[in-house]
Amino acid sequence: MTFDIIIIGSGLAGYTLVKDFRRLNKTASILMLSTDDASYYSKPMLSTGFAKHKSAADLAMQPATQMAETLDITIYASTQVVSIDKAAKTIMIEGSQQSIGYNQSLVFATGAEPARIPLPDALSGRCFTINDLADYGQFREHLGEHKNVTIIGSGLVGTEYANDMCESGLNINVISLEDAPLQLLLPKPLSVNVQEQLANKGINFHFNTSIKDAALAEDGQLQLELTNGTSINCDLVLSATGLRPRIKLAQESGITVERGIVVNETLKSSDDNIYSLGDCAQINGLILMYVAPLAACSKALAKTLNGELTAVAIPASPVIVKTPACPVVSNPPPANAVGQWQFEGEAPDLKACFVAQDGSLLGFGLTGKKVMERMKLAKRLPAIL
Ligand SMILES: Cc1cc2nc3c(=O)[nH]c(=O)nc-3n(C[C@H](O)[C@H](O)[C@H](O)COP(=O)(O)OP(=O)(O)OC[C@H]3O[C@@H](n4cnc5c(N)ncnc54)[C@H](O)[C@@H]3O)c2cc1C
């Protein structure tokens, strides 16, 4: 069996690419494979689903069968690709001896997976991650009528879930190694402001600490002992300690990987017939785990797969953090940027601009009412690529 194009992954990267490609080309045969059920859904909606009391089924926008029909593609759901033979241009899937070929191109859209930290045995079966629809459904199932959730991690994902779950009526504790939330996204005064607004809503933050030990109490609750001496009782733990590009399959197939699957500005990997986009890709050294960059990559790659070699252009893409208790927009400066932060406004409405010596804007953070300046500031930022 052979297809013109094979896409591994049915997340936003995989489906956006197929949609963009089909606008240009109606005839090429396409196979999409996914370890999950390949429902079409928007991952950012996972961290707004609790307050809206949505089930996993509510968040699934279309099942795989309907997507396959609409887009005129073949979808193998619940199917893991286990190896790739680059020279023969074939893939192997779990549980089958038959290889599947690609005439033209193979695309990695394998996303990112949650980073795992070592945790005490007592948390086994009570600690979850929520990185896809199935995770979301599983967490809700275990939550049932329980009310007390402890979240490990205060980055974007941990902070959004904290706000959303608190809004839904749950009691939330957040444990963090850092000393304020959203540290990679905001300068200190703004992240402290976010913490204060979320604390006003009832979220309890425990900073500069981690879980030292855990035990099961007689009433069935978990008792978490923190390294700072605090103890917390809760029903479930949500681990949100970061995401790592899913690169194992590419690596084992002899494709160059670093932190992500290494691709150039045309999204081509170290193999001429293999491309990558989305959370798993490292584009000209950059890992951009957001929807806007993924959409720009999809448009360029669709053209390339249709025979028009196209380099991706990614404009500055500020991130809207979904914390209604304290609206946040962030566009951090590049890691090696030279300049300084300039602050304006009064809490909760703060604006921080990272300005280079020549006066050019390299990044910004906004909270509260200042988020309204997002578009105006984004226009002044240099493009990402
Ligand atoms: C809670 C949360 C909130 C977010 N909010 C925002 C937001 O507000 N704004 C924003 O811009 N971004 C947000 N993001 C990030 C954004 O959702 C991601 O950048 C985007 O969804 C990534 O899509 P993807 O297709 O690359 O990966 P994924 O959606 O992870 O898809 C990966 C796919 O690959 C498949 N796969 C992997 N390995 C194999 C294999 N070996 N064989 C077969 N299939 C395989 C998986 O089954 C899956 O279908 C958020 C992320 C999270 C977790």
Side-chain angles (χ1 to χ4, degrees), residues 6-18 31-50 59 64 67 75-84 91-95 100 106-115 128-136 139 151 153 155-165 185 238-253 260-261 267 276-283 287-298 301 314 317-324 327-331:
I6 292 182
I7 299 172
I8 311 174
S10 65
L12 283 174
Y15 273 129
T16 308
L17 176 63
V18 179
L31 170 65
M32 174 184 274
L33 305 105
S34 179
T35 48
D36 56 39
D37 72 1
S39 299
Y40 180 59
Y41 76 105
S42 171
K43 189 178 283 200
M45 296 295 115
L46 295 178
S47 51
T48 60
F50 288 90
L59 293 179
M67 291 304 286
I75 299 180
Y76 290 173
S78 309
T79 303
Q80 184 168 9
V81 180
V82 289
S83 67
I84 292 158
I91 65 166
M92 296 294 289
I93 58 176
E94 195 173 42
I100 308 172
L106 175 71
V107 179
F108 273 84
T110 48
E113 59 202 348
F128 299 83
T129 57
I130 310 180
N131 186 41
D132 59 28
L133 261 188
D135 291 346
Y136 179 88
F139 186 88
I151 298 175
L156 176 127
V157 171
T159 305
E160 287 194 353
Y161 279 125
N163 194 154
D164 192 43
M165 290 185 185
L185 293 175
L238 176 69
S239 174
T241 51
L243 294 166
R244 307 269 174 273
R246 211 176 260 125
I247 58 174
K248 188 163 168 263
L249 175 64
Q251 187 169 29
E252 287 172 359
S253 309
I261 300 172
L267 305 169
S276 181
L277 81 169
D279 283 5
C280 60
Q282 179 179 322
I283 311 158
I287 295 191
L288 305 162
M289 290 198 210
Y290 296 106
V291 176
L294 166 168
C297 290
S298 168
L301 185 53
I314 307 180
S317 312
V319 180
I320 299 171
V321 183
K322 301 185 293 299
T323 43
V328 174
V329 175
S330 157
N331 196 117

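Order of listing sets the numbers, starting from 1, for every ligand and every atom in it. In this text, all values refer to a predicted model and were calculated from it rather than measured experimentally.
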Out of [options], whose heavy atom sits nearest [atom]?
| atom | options | answer |
| --- | --- | --- |
| atom 21 (O) of ligand 1 | K43, M32, R246 | K43 |
| atom 41 (N) of ligand 1 | V81, T79, D132 | V81 |
| atom 48 (C) of ligand 1 | D36, L133, T35 | D36 |
| atom 3 (C) of ligand 1 | A77, A109, S47 | S47 |
| atom 14 (N) of ligand 1 | S42, G9, P44 | P44 |

**OP:** Before giving the answer on side chain to side chain contact (heavy atoms under 4.5 Å, CB included), spell out for M165 and L238 the whole-Å C-alpha distance, their side-chain angles and the decisive distance to 0.1 Å.
**Re:** CA-CA 11 Å; M165 290 185 185; L238 176 69; 3.8 Å; yes
Any N or O on [X] sitting closer than 3.5 Å to an N or O of ligand 1?
| X | value |
| --- | --- |
| L294 | no |
| S34 | yes |
| S10 | yes |
| I8 | no |
| L12 | yes |

Subject >> Which atom of S47 lies closest to which atom of E160, heavy atoms considered >> reply: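 Smallest heavy-atom distance, with atoms named: OG-OE1, 2.6 Å.
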**OP:** Verify the ring-centre separation between Y15 and Y41: is it less than 6.0 angstrom?
**Re:**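 No; Y15 has its ring centre 6.0 Å or more from that of Y41.
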Closest non-hydrogen protein atom to [atom], residue and atom name please, with distance?
| atom | answer |
| --- | --- |
| atom 37 (C) of ligand 1 | T110 O, 3.5 Å |
| atom 16 (C) of ligand 1 | V291 CG2, 4.0 Å |
| atom 27 (O) of ligand 1 | G111 CA, 3.2 Å |
| atom 7 (C) of ligand 1 | K322 NZ, 3.4 Å |
| atom 25 (O) of ligand 1 | A13 N, 2.9 Å |
| atom 31 (O) of ligand 1 | G11 CA, 3.5 Å |
| atom 19 (O) of ligand 1 | D279 OD1, 2.7 Å |

Atoms of ligand 1 less than 4.0 Å from [X] heavy atoms?
| X | answer |
| --- | --- |
| N131 | 53 (C) |
| G278 | 26 (O) |
| M289 | 15 (C), 19 (O) |

Taking the side chain as every heavy atom from C-beta outward, state whether [X] and [Y] have any pair of such atoms under 4.5 Å apart.
| X | Y | result |
| --- | --- | --- |
| F108 | I84 | yes |
| I314 | C297 | yes |
| S10 | D36 | yes |
| P44 | L12 | yes |
| L33 | I91 | yes |
| P324 | N163 | yes |
| S276 | Q282 | no |
| L185 | V328 | no |

**OP:** Ignoring hydrogens and angles, tell me if any N or O in the side chain of S330 forms a donor-acceptor pair with the backbone of V319 under 3.5 Å.
**Re:**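 Side chain of S330 to backbone of V319, a donor-acceptor pair under 3.5 Å: no, none is there.
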Original post:
Does Y161 reach ligand 1, in the sense of a heavy atom lying below 4.0 Å from it?
Top reply: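 Yes; Y161 lies near enough to ligand 1 that a heavy-atom distance drops under 4.0 Å.
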**OP:** Please name the residue in the list I8, I6, I7 that meets the side chain to side chain contact (heavy atoms under 4.5 Å, CB included) test with V107.
**Re:**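 The side chain to side chain contact (heavy atoms under 4.5 Å, CB included) with V107 is passed solely by I7 among I8, I6, I7.
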